Each structure stands twice: as C-alpha cells, then as structure tokens.
Amino acid sequence: MSVVRLDAATFGYDGRSVVSDVTLSIGPGEVVAVLGPNGSGKSTLVKGLLGLAEQLAGTAQVLGAPINEVDRGRIGYVPQRHTLANSVRATVAEIVATGRLSFRTWWKPWRRDPEADRQGVARVLEQVGLGDRAGADVSQLSGGQQRRVLIARALATNPDVLILDEPTAGVDHANQVALAQVLQDLVRDGTTMLVVTHELDALVDIVTRVVVIDTGTLVFDGTPADYTADNFPAHGHHHGHSPEQFPAPPPPLTGAPLDSGVARA
Amino acid sequence: MLDILDYGFMRNALVAALLIGAAAPLVGIFLVQRRLSLIGDGLGHVALAGVAIGILTATSPVLTALVTAVIAAVVIEVTRSRGRPGSDLALALMFYGGIALGVVLIGLSAEGTPANLTAYLFGSITATTTADLYVFLVLTVSVVALTLLLRPWLFAVAQDEEYARASGLPVTGINLTLSILTALTVVVSMRVVGLLLISALMIIPNAAAQAVSRSFAGAMRLAAVIGVICAVGGVFTSFYAETPSGATIVLLALGAFLLVNLAAALRRRRDAAHARAEAHAHEHGPGCGHEAVAHGDHVDYLHDGHRHAPHHDHYDEHATHRDHDHSPEQSGDRR
C-alpha cells in the first residue's frame with residue numbers, strides 16, 4: 001500500500017493552483033527529499049497532503065484515504081518555523097504535549113491519561129536528544145534545539161508518515177548534524193518521510209528518493225544517484241540544480257563559496 | 001474591617017470580584033498568546049450597546065449585554081479569521097459603533113444620568129444586584145470549567161494554528177469557543193470593573209505572571225492569583241476611598257505588574273552573580289557522558305556547550321571555554 005498516492009493532483013489556495021498535475025506514489029519506508037527553488041510550489045505540495053492547501057484537481061490519498069478523511073493523528077508534521085518563542089511562556093514538555101492531543105477527544109475533555117501523556121512526551125524528547133530539557137522554557141533553546149522540539153511534537157502522535165518542511169534551514173552545522181542523526185534513527189525504525197529542503201547535503205545519507213518541483217510541476221523523480229548524475233550537482237557547496245533549469249546566480253561579491261541558483265531564504 | 005460585610009452590596013461586589021478576578025486572567029492568557037489582547041476592549045464597547053438596549057426596553061441589561069456580546073464575539077472571530085483586507089477596519093467600525101450607540105441610547109433613557117453611565121463604563125461596587133450575582137455565579141463557573149477542561153486545545157491552537165489544523169484539531173470551533181468565553185467574561189465583569197476597563201483584568205495579571213513564570217501552566221495559575229488579589233483588593237479600596245471600583249482594580253493590577261517586574265529584575269541580578277543552570281533530572285558525575293573539565297577546586301561538566309558545576313541541590317552555570325580562563329580566583333568568585 002502506498003503511503004502517499006497522487007494522481008494528476010493539483011493544489012493551491014483560494015481556487016488558484018500553485019502546483020499542478022503531480023503524479024507520485026510513495027511507499028512505506030521511503031525517505032523522499034522534495035527539492036525546488038523558493039516559490040516553486042514544493043511547500044504547497046506537502047501542505048496539500050496535510051489538508052492545509054486546497055486540492056483543486058486529480059486524486060490524492062494519504063495512508064489509503066482521501067486527504068479530507070485521513071486520520072490526521074497518523075501524520076506527523078514539522079512546520080517550517082524559525083522560532084518557537086511566543087507571546088507567552090511555555091515549557092518544552094508543554095509544546096510537545098500538544099502532539100498528544102490526537103489521542104484525546106475535545107468533546108470529551110475529561111477523558112485523559114496523564115501518565116501515558118507524560119511517558120509519551122518523555123519518550124519522544126529522549127528520541128530527539130532533549131530528554132533533560134522537558135521543563136526548560138522553550139524560548140531559551142537554540143534554533144536547532146527548537147527544531148528538535150518540533151520534531152518531538154510530531155513524533156508524539158506516533159505517526160506512520162513524517163512530513164518535514166525545511167527542518168535544517170537556518171540551523172548551524174553542529175545542530176544540522178544532530179538533526180540528521182535524529183532523522184537517521186527514525187529511518188532505521190522504518191518511518192516514511194517527506195522532507196522539503198534546500199539542503200540535500202545535510203540529509204544525503206538518509207534520502208532514498210529525490211523529487212524536484214519547479215514552477216508548479218514535478219520535473220524530476222528518481223534516486224539521489226540519478227539526481228546527482230543527471231547534471232544535478234548535489235554535493236559540496238552546491239545545493240542544486242542544472243544551469244538549464246535555474247538561471248545562474250550573479251557572481252558572489254565576497255570570497256564566500258558560490259551558492260547554486262536556488263534562492264536561499 | 002469586617003463591618004463592611006454588613007452591607008449587602010459589598011457582599012455582592014466582593015463575591016463578583018472573587019469570581020471575575022479568577023476567570024478573567026484564565027481566559028485572558030489565551031488572548032495574550034494569540035496576540036489579541038485588545039479584543040476584550042472591543043467586546044466591552046459593543047456590550048455597552050447591549051446594556052443600553054436592555055435599559056431602553058426595560059429588560060435585564062445583563063441579559064441583553066450577554067446576547068449582544070456573544071453575537072459580536074462570533075462576528076469578530078469570523079471577520080478576523082478570514083483575514084481579508086479591511087477586516088481590521090471593519091472591527092474598528094463595529095467597536096466605535098457599539099460604544100457610540102450605547103452612550104446615545106443610555107442618554108435617551110430615563111435612567112440616563114452621567115452617574116449611571118460612569119458606573120457602566122468604569123465599574124461600581126453598588127451596581128451588582130443579588131439577581132445579577134446568581135447569573136454571574138453560573139456564568140463564571142461555566143467559563144472557568146470550560147477554560148480549564150479545554151485548556152490543552154486552547155493552548156495548542158493559540159500556540160501554532162497551522163500545526164493544529166494539520167493535526168486535525170477543530171481550530172475554528174476552538175477559536176469560536178475562546179471568543180464566546182471572552183464575551184461571557186466581559187459581561188460578568190461589567191458591573192464591578194466596567195466596560196471600558198474589562199480587558200485590563202484579562203491582560204494585566206497575565207503580563208505580570210509572564211515576567212516570573214517559565215511554564216504556561218505556572219503562568220496561568222499565578223495570573224489567576226494576581227487577578228483575585230487585585231479584584232478583591234480593588235473592591236475594598238474602592239469602598240474606603242470612594243473611587244470607581246473598576247479603575248481602582250486596574251490601578252492595583254498595574255501596581256502588581258510593576259512589583260512583579262521589579263522582583264524579577266532583582267532576581268535576575270542575583271542570578272547573574274550566581275548563575276543557576278537549567279533544572280535537569282540528569283545527574284552529572286564521572287562517566288555520565290558529559291565531558292568533565294577541571295575548574296579550580298572542582299569539576300565542571302560540559303553540557304550542550306556550557307559548563308555545569310554541582311552546587312548543593314542544583315547545578316551552577318559556569319563560564320564557557322571561550323570567555324573564561326581557568327584561574328582558581330575567578331571560579332572562587334563565581335561560587
């Protein structure tokens with residue numbers, strides 16, 4: 001059974017399509033990197049799978065059910081966020097516990113199992129290496145640690161598929177390595193993953209398949225090896241894509257390593 | 001002191017203050033979290049029109065204010081959540097319209113004295129009737145119970161609406177529930193606090209609690225305690241100083257805000273001299289997995305790039321490698 005099955009699916013907002021005619025089937029245990037320049041529609045694609053963008057055409061199924069019928073608790077979502085700091089204080093455990101709400105029913109709020117919740121939160125925090133930070137004020141954590149809190153929150157639902165939007169963006173190298181390690185452990189446990197990213201380098205060891213979205217259409221679907229061989233230099237400081245696909249960037253003003261044509265946020 | 005309890009109106013006012021002192025901050029923390037601190041003000045404005053309708057039609061002003069505020073709350077939430085251009089303007093027009101209509105209608109009524117208007121706008125300890133009190137009691141208990149029961153959902157939706165939606169939580173329903181809870185709080189607060197200052201009791205205790213709390217649950221509890229102290233204290237003060245109760249409560253709350261912030265600043269200064277590491281269950285020791293670093297007369301453990309030194313029942317934060325030479329004098333200062 002496919003975890004994700006799209007057949008000529010089109011997603012967008014307010015009736016306007018952003019990414020169209022995508023046909024894609026993702027099986028259990030696959031780790032799919034979704035690449036593409038900013039504004040290409042790759043985020044809209046995964047938001048479509050989460051029911052956050054409208055499905056405008058085609059068929060789309062996640063875990064064997066149409067998107068508006070799927071049990072959302074089985075999908076773990078790590079949104080693209082640069083900070084968890086909010087206008088009010090919250091601890092790491094309080095944030096992660098929101099992921100446990102998929103086990104509760106809001107119209108029966110008195111039905112709860114605090115012990116299971118506590119253990120569930122402790123387990124996922126241990127998984128992301130933040131076992132000793134449960135009581136910490138989340139705004140005091142580094143960006144990389146906050147990203148791990150978001151992953152823990154997604155894991156707290158015991159998901160069958162994990163969707164991550166730019167998990168490594170804006171995270172320093174040491175934390176990228178820590179994040180990649182967390183994801184690697186999940187891959188070993190057989191978790192199916194969709195990772196929207198600009199930085200294949202950080203994830204190259206775990207990715208089993210690469211999908212490239214450009215200007216709202218799927219332009220590449222293959223193995224990381226094909227992606228690299230097919231004029232897509234994925235290693236080194238280049239993050240990206242063939243010169244034919246994306247215009248070359250202007251020459252760098254400094255001596256910094258040349259980035260690819262992929263615009264960085 | 002207790003002789004003031006011989007007055008029926010004071011007993012009513014004190015019970016009402018106790019109820020709203022607890023309820024208002026409990027609802028308010030979610031408004032602060034969603035950056036909607038000013039919504040309560042708008043609802044208060046619109047509720048005045050409801051009060052005026054009650055006075056003019058000789059029905060219960062509390063009842064008409066309740067109906068008006070709940071309808072307004074739903075309209076506000078729907079308008080706001082659509083986020084169309086101009087929705088901000090639409091809300092502003094509604095708020096101005098509410099208060100203007102209220103003032104004009106109350107002026108037209110037989111009871112339309114300036115004193116009466118002031119009581120509605122700024123609160124009065126003599127305003128709470130026994131009939132009101134029973135209504136307030138039922139409403140406040142419902143508001144507090146619903147807020148506490150739904151707290152995990154209210155928190156999740158306010159914390160990250162997109163994630164809540166992706167997780168299949170009933171985001172629209174929860175947001176509407178919060179709006180209605182806010183409307184109910186506005187109405188139960190209008191006698192003692194007054195419609196112009198209601199929002200203050202929802203917001204200021206939370207602003208104060210944020211300064212010293214680390215967790216959401218802790219901040220919520222502290223805000224409720226501050227709310228009760230200020231509301232009850234304000235009613236007492238209002239009796240003796242003969243001031244409008246709402247304004248007195250708000251000034252007390254602002255005083256509490258300043259006091260708590262002062263205490264927090266003093267604590268930060270003390271902590272700067274003696275930096276306590278974040279609490280953790282992990283116990284550092286030989287072979288604990290964290291790198292041990294000799295530091296003067298003791299051993300620090302490298303933990304996420306900073307150094308923890310055992311000190312009584314907790315760990316102190318000692319300087320990092322970068323900004324610290326390891327001279328014993330310095331480490332002596334730090335302990």
Side-chain angles (χ1 to χ4, degrees), chain A residues 46-47 49-52 68 70-81 84 86-95 97-102 104 106-110 112 117 122 129-142 145 150 153-154 156-157 159 163 165 174 178, chain B residues 28-37 145-171 173-174 177 206-207 209-220 222-223 277-284 289-290 303-305 308:
Chain A
V46 296
K47 285 192 174 152
L49 300 177
L50 292 158
L52 296 173
N68 52 7
V70 68
D71 175 4
R72 296 281 168 75
R74 295 175 63 194
I75 308 173
Y77 173 44
V78 181
Q80 176 181 17
R81 281 185 79 157
L84 266 174
N86 204 294
S87 41
V88 296
R89 308 267 175 187
T91 63
V92 169
E94 284 174 326
I95 301 280
T98 62
R100 298 276 309 172
L101 283 177
S102 56
R104 294 181 62 183
W106 73 272
W107 66 87
K108 292 178 192 162
W110 52 89
R112 52 199 283 263
D117 284 340
L130 293 173
D132 55 354
R133 306 306 292 271
D137 177 351
V138 77
S139 63
Q140 303 297 312
L141 302 188
S142 72
Q145 288 174 326
L150 292 180
R153 179 179 69 176
T157 69
I163 295 180
D165 198 349
Chain B
I29 192 168
F30 299 105
L31 298 179
V32 175
Q33 195 184 9
R34 295 184 64 199
R35 300 174 201 276
L36 292 176
S37 296
L146 210 56
T147 306
L148 293 180
L149 277 171
L150 291 178
R151 191 188 92 184
W153 287 270
L154 289 165
F155 173 77
V157 171
Q159 216 283 324
D160 189 344
E161 192 166 312
E162 188 195 47
Y163 174 78
R165 225 175 263 286
S167 321
L169 300 187
V171 172
I174 291 293
T177 305
N206 282 302
Q210 288 301 316
V212 287
S213 304
R214 198 173 53 188
S215 70
F216 187 82
M220 202 175 180
L222 180 59
E278 73 282 359
H280 53 68
H282 174 83
E283 198 164 313
H284 290 305
H290 291 100
H303 188 140
D304 277 341
H308 288 177

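Chain letters run A, B, ... following the sequence lines, proteins first, then strands; residues in each count from 1. Remember, it's a predicted structure, so these values are computed and weren't measured experimentally.
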What are the two closest heavy atoms between [X] and [Y], and how far apart are they?
X: B:Ala166; Y: A:Leu52; result: N-CD2, 3.8 Å
X: B:Tyr163; Y: A:Thr157; result: OH-CG2, 4.1 Å
X: B:Gln33; Y: A:Ser87; result: O-OG, 3.1 Å
X: A:Pro109; Y: B:Trp153; result: CB-CZ3, 3.7 Å
X: B:Leu150; Y: A:Trp106; result: CD2-O, 3.7 Å
X: A:Thr91; Y: B:Arg214; result: CG2-O, 3.8 Å

Where does [X] contact chain B at under 4.5 Å (heavy atoms): side chain, backbone, both or neither?
X: A:Ala134; answer: neither
X: A:Arg153; answer: both
X: A:Ser139; answer: neither
X: A:Arg112; answer: neither

Which atoms of B:Pro152 approach chain A - backbone, side chain, both or neither, heavy atom under 4.5 Å: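 The answer is both parts of B:Pro152.
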Heavy-atom contact with chain A under 4.5 Å, split by part of B:Ala158: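 B:Ala158 touches chain A through backbone heavy atoms alone.
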Check whether [X] reaches the backbone of [Y] with its side chain - one donor and one acceptor, N or O, closer than 3.5 Å.
X: B:Gln159; Y: A:Ile95; value: no
X: A:Arg89; Y: B:Gln210; value: yes
X: B:Ser215; Y: A:Ala90; value: no

Most contacts with chain A, counted as non-hydrogen pairs under 4.5 angstrom, among B:Glu162, B:Arg34, B:Arg151, B:Arg165: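 Of the candidates given, the most pairs with chain A belong to B:Glu162.
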For chain A, the option from B:Asn206, B:Ile29, B:Leu169, B:Asp160 that forms the most heavy-atom pairs under 4.5 Å: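 Going by pairs under 4.5 Å, I would pick B:Asp160.
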Choice from A:Val70, A:Asp71, A:Leu50, A:Asn86 maximising heavy atom contacts with chain B below 4.5 Å: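 Max contact count across the listed options: A:Asn86.
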